[in-house]
There are 2 protein chains.
Amino acid sequence: MIRRKGLTSVELAKLAGVSSATISRAFSNDPRIKPETRERVLALAAEHGFRPNAMARSLNNSRSRLVALVVNTVANPAEAEGLDLLIHRLQERELMPLLLCCANHEDRGHLMRIASTYQVDHVVLYSDAVSVDDALDIFRSATLIVASSEPLEGRALFDVRLDATAATAQIVDHLVGQGRRHFVYLSGRASSHIDKQRMRWFADALARHGMAFEIVEHGDYSYESGYKEAALLLRRLRPDVLVCANDLMAIGAKDAAALLGLKVADDVAIVGHDGVSLSNWDSHSITTILPPAGIVSDALAQFISLTPASEPQQRVVDCMVRWGRSTGEFPRH
Amino acid sequence: MIRRKGLTSVELAKLAGVSSATISRAFSNDPRIKPETRERVLALAAEHGFRPNAMARSLNNSRSRLVALVVNTVANPAEAEGLDLLIHRLQERELMPLLLCCANHEDRGHLMRIASTYQVDHVVLYSDAVSVDDALDIFRSATLIVASSEPLEGRALFDVRLDATAATAQIVDHLVGQGRRHFVYLSGRASSHIDKQRMRWFADALARHGMAFEIVEHGDYSYESGYKEAALLLRRLRPDVLVCANDLMAIGAKDAAALLGLKVADDVAIVGHDGVSLSNWDSHSITTILPPAGIVSDALAQFISLTPASEPQQRVVDCMVRWGRSTGEFPRH
DNA sequence: CGCAAAAATGTAAGCGTGTACATTGTTGCA
DNA sequence: TGCAACAATGTACACGCTTACATTTTTGCG
């Protein structure tokens, strides 16, 4: 299994009869090189399988083209589907994603500290499980790009933020119009910012009808927790409407309702969040709140092309509703 | 948004009143340093937030602690769930995963070539979409670790390979015992090695009963393709048993059957592959073939701890059956 | 106490590239 | 032809660390 190591720019330079500086210029599209020699060098490089060493490269211009992606877990479709798009955007720009999976990892700080030694250019915070302050503290010289929901309060960052005010109101209006009165919210993690945010949207939308809702705080964003908690609360509280912190829990709740002999939509309407593709499957058909397709990844990728010296920016993305059968008949247009 | 850069080992050395070599030794657990000075250096480093630069580090010992993970897409639970475990194993060993998502990427070679410039120590081929030869060719000096199903034929590699002979036979025996006779296999991608392998297992298991099966080759591993193709073939071929290339397609097929008014298990048994968690949900309950939990990731992680000079190894993992309601009553153990 | 061996640290030369600066080759124009 | 301006390339050092080798300090023991 021993394999030969590639050659270096000096060796290639010797082969090409030029200096290593010329090699470097050929590969960095330096305009000061004669197009003709550039071609010659690149051809020779291809022939010998030479590619400049990214480590050496980034050592002296301190741009690594690495992007740290901080997520909870890749096993959860809600994160994975967004992540997949984002990774594609990065790859289009020849940026390399370094993946940090923080779920089940007691010491996220340690994980981030290791990643930071690779001199990543950017950090995308895609997870609520990591605090912005920690990330800022650890990734000193990288630009931080936030897609979690932690309030930023003036800390200078690139920031993509969701707004589901309208979408939530749309759903609430529809459900209230159907005569439903008893709303319960099954939360994901009590400490999660996005969860608090979502509850606030629901509170606001219900307040316009002079209504409120109950909160059950035992979920953890998994199907299993949705199933288990819904089985308990459906019996105990008998709500009209069960709003879940995410689609996976909503599907779990739907299955639990079926187990209890309740008819989804007729007996209890179920609402999810995130719009993962499987919530749209025939067997689930959950009404859910989601950002327009790909827009978050696009925004993140756009931020990444800015330089660390740029002014902090924020983008607000308006969410929409994807109606499913879990809330009964669809609203007319 | 301008932030200060961290200090270097020479600067820290000055502060500690030692040489930069001592700093280096403190951080690489060199036994030749006095424990007492090591503590002092580490304390000072922590105080000043110093961490050795991984780029510079790997530049001269040519070990980057980076692992390239070549997958199709992270959006598919079948890959994502395995990947998640693997990433955790890597993180335990303080290895950093570089993620390459090859699906929808016309030039996988280019992607891998870029990754190779980062001097990755290992490459895990988790995808059938990339040929082993290409990977070998591009990642010259990294150890290649294969979890795809391409036959290796003596090419020296670390290799994790699935064996579902027994599991497949178990399912086939059960289904034949129920009196089913008409088997159809809905394939994922015609060119996919794992798919061919799975069909072979089924062919062998059926051959023991003197039976054979039909093949429909239009799937692409997605729920949608399972749904669409099953809707067509269930009407056309009216099989007893529909075996799908993976669980997502099996779930699609199940939904299509429901749409056609067919009762799953009674009218048509459905079998999946991979054992993704959602195939075990109440609403799906697909009988599926899967490797024991975590064993593949564990094997991969174990291989990764070997050195490039080690002898090539192979591990064969025996798959098992997870019974669901999609194949009727469970077999008495 | 003295001296050899061992332990601890320092010195300096890379690792493979980018880049400021120096050098050489070329062109234009009087 | 001569000389300025510019285009193309070369030279040499820096990036931040590891490590072979040199040097200093400590230890053990007769």
Side-chain angles (χ1 to χ4, degrees), chain A residues 4-42 44-45 48-66 113-114 116-121 140-141, chain B residues 4-42 44-45 48-66 113-114 116-121 140-141:
Chain A
R4 72 165 186 273
K5 294 208 53 170
L7 27 63
T8 75
S9 69
V10 208
E11 296 170 328
L12 188 70
K14 218 157 282 171
L15 288 175
V18 297
S19 81
S20 77
T22 303
I23 305 290
S24 169
R25 289 187 185 112
F27 274 91
S28 49
N29 277 333
D30 193 310
R32 302 181 325 178
I33 198 178
K34 195 198 292 183
E36 174 189 324
T37 45
R38 211 181 75 98
E39 295 310 320
R40 197 164 51 84
V41 165
L42 291 184
L44 200 69
H48 290 265
F50 169 82
R51 300 229 86 211
N53 181 323
M55 303 309 231
R57 202 171 236 223
S58 75
L59 183 55
N60 65 0
N61 63 6
S62 45
R63 269 185 286 106
S64 62
R65 305 195 69 78
L66 289 175
R113 258 182 292 273
I114 296 181
S116 78
T117 67
Y118 288 89
Q119 318 299 113
V120 297
D121 292 343
R140 282 256 147 262
S141 59
Chain B
R4 71 166 186 273
K5 294 207 56 168
L7 26 65
T8 75
S9 69
V10 207
E11 295 170 327
L12 188 70
K14 218 157 283 169
L15 289 175
V18 296
S19 80
S20 77
T22 303
I23 306 290
S24 169
R25 290 186 185 113
F27 273 93
S28 49
N29 278 332
D30 192 310
R32 303 180 324 179
I33 197 179
K34 194 199 293 183
E36 173 188 324
T37 46
R38 210 182 77 97
E39 294 312 320
R40 198 163 52 84
V41 165
L42 291 184
L44 201 69
H48 290 266
F50 169 83
R51 299 230 86 209
N53 181 324
M55 302 310 229
R57 195 168 242 222
S58 74
L59 183 55
N60 60 8
N61 63 6
S62 44
R63 270 186 286 106
S64 62
R65 305 196 69 79
L66 289 175
R113 256 183 293 273
I114 296 181
S116 78
T117 67
Y118 287 90
Q119 318 298 112
V120 297
D121 292 343
R140 282 258 146 259
S141 59

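Letters A, B, ... mirror the listed sequences (proteins, then strands); counts begin at 1.
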Rounded to whole angstroms, how far apart are [atom1] on [X] and [atom2] on [N]?
X: A/N53; N: C/dG14; atom1: CG; atom2: P; answer: 18 Å
X: B/E39; N: C/dA8; atom1: CD; atom2: P; answer: 14 Å
X: A/Y118; N: D/dG16; atom1: OH; atom2: P; answer: 18 Å
X: B/R57; N: C/dG16; atom1: CZ; atom2: C1'; answer: 18 Å
X: A/E11; N: C/dG14; atom1: CD; atom2: C1'; answer: 14 Å
X: A/Q119; N: D/dC15; atom1: CD; atom2: C1'; answer: 11 Å
X: B/L12; N: D/dT18; atom1: CG; atom2: P; answer: 12 Å
X: A/N29; N: C/dT19; atom1: CG; atom2: P; answer: 13 Å

If we only count heavy atoms from C-beta on, is the [X] to [Y] side-chain gap below 4.5 Å?
X: A/S64; Y: B/M55; value: yes
X: A/V18; Y: A/R40; value: yes
X: A/T22; Y: A/S19; value: yes
X: A/R38; Y: A/L42; value: yes

**OP:** Would you work out how much the helix from C/dC1-D/dG30 to C/dA30-D/dT1 bends between its ends, with each end axis defined by five base pairs, to 10 degrees?
**Re:**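 What I find for the helix from C/dC1-D/dG30 to C/dA30-D/dT1 is an axis angle of 40°.
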Enumerate all atom pairs, one protein N or O and one N or O from nucleotides 5-9 of chain D, separated by less than 3.5 Å.
from: D/dT9; atom 1: OP1; to: A/T37; atom 2: OG1; distance (Å): 3.4
from: D/dT9; atom 1: OP2; to: A/K34; atom 2: N; distance (Å): 2.9
from: D/dT9; atom 1: OP2; to: A/T37; atom 2: OG1; distance (Å): 3.2

Original post:
Nearest nucleotide by nearest heavy atom, which residue falls closer to the 5' end of DNA chain C, B/S20 or A/S20?
Top reply: B/S20
Original post:
Base, sugar-phosphate alone, or nothing: which one does B/F50 contact when heavy atoms must sit under 4.0 Å apart?
Top reply: sugar-phosphate
**OP:** With heavy atoms under 4.0 Å as the rule, sort A/S24 into base, sugar-phosphate or nothing.
**Re:** base
Using 0.5 Å steps for rounding, measure from the [atom1] atom of [X] to the [atom2] atom of [Y].
X: A/S58; Y: A/N53; atom1: OG; atom2: CG; answer: 8.5 Å
X: B/D30; Y: B/S24; atom1: CG; atom2: OG; answer: 7.5 Å
X: A/H48; Y: A/L15; atom1: NE2; atom2: CG; answer: 5.0 Å

Original post:
Taking the side chain from B/E11 and the backbone from B/T8, do they hold a donor-acceptor pair closer than 3.5 Å?
Top reply: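 It does hold such a pair.
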Original post:
Out of D/dC17, D/dG10, C/dG18, which has the shortest distance to the side chain of A/A21?
Top reply: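 Of all the options, the side chain of A/A21 is nearest to D/dG10.
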**OP:** Identify the two heavy atoms, one from A/F50 and one from A/S9, that lie closest to each other, and give their separation to 0.1 Å.
**Re:**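 Scanning both residues completely, I find the closest heavy atoms to be CE1-N, 3.5 Å.
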Subject >> For A/R57 against A/P52, the heavy-atom pair lying closest together >> reply: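 Nearest pair, atom of A/R57 first, then A/P52: NH2-CG, 3.5 Å.
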Original post:
So does A/S9 get a side-chain nitrogen or oxygen closer than 4.0 Å to the phosphate oxygens (OP1/OP2) of C/dG16?
Top reply: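 Looking at the OP1 and OP2 atoms of C/dG16, neither is under 4.0 Å from any side-chain N or O of A/S9.
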Original post:
Given that B/L59 and B/D30 both sit by DNA chain D, which one's nearest nucleotide is further toward the 5' end?
Top reply: B/L59
Subject >> Check: C/dT17 base within 3.5 Å donor-acceptor of A/N60 side chain >> reply: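 Between C/dT17 and A/N60, which were checked side chain against base, a qualifying N/O pair under 3.5 Å is present.
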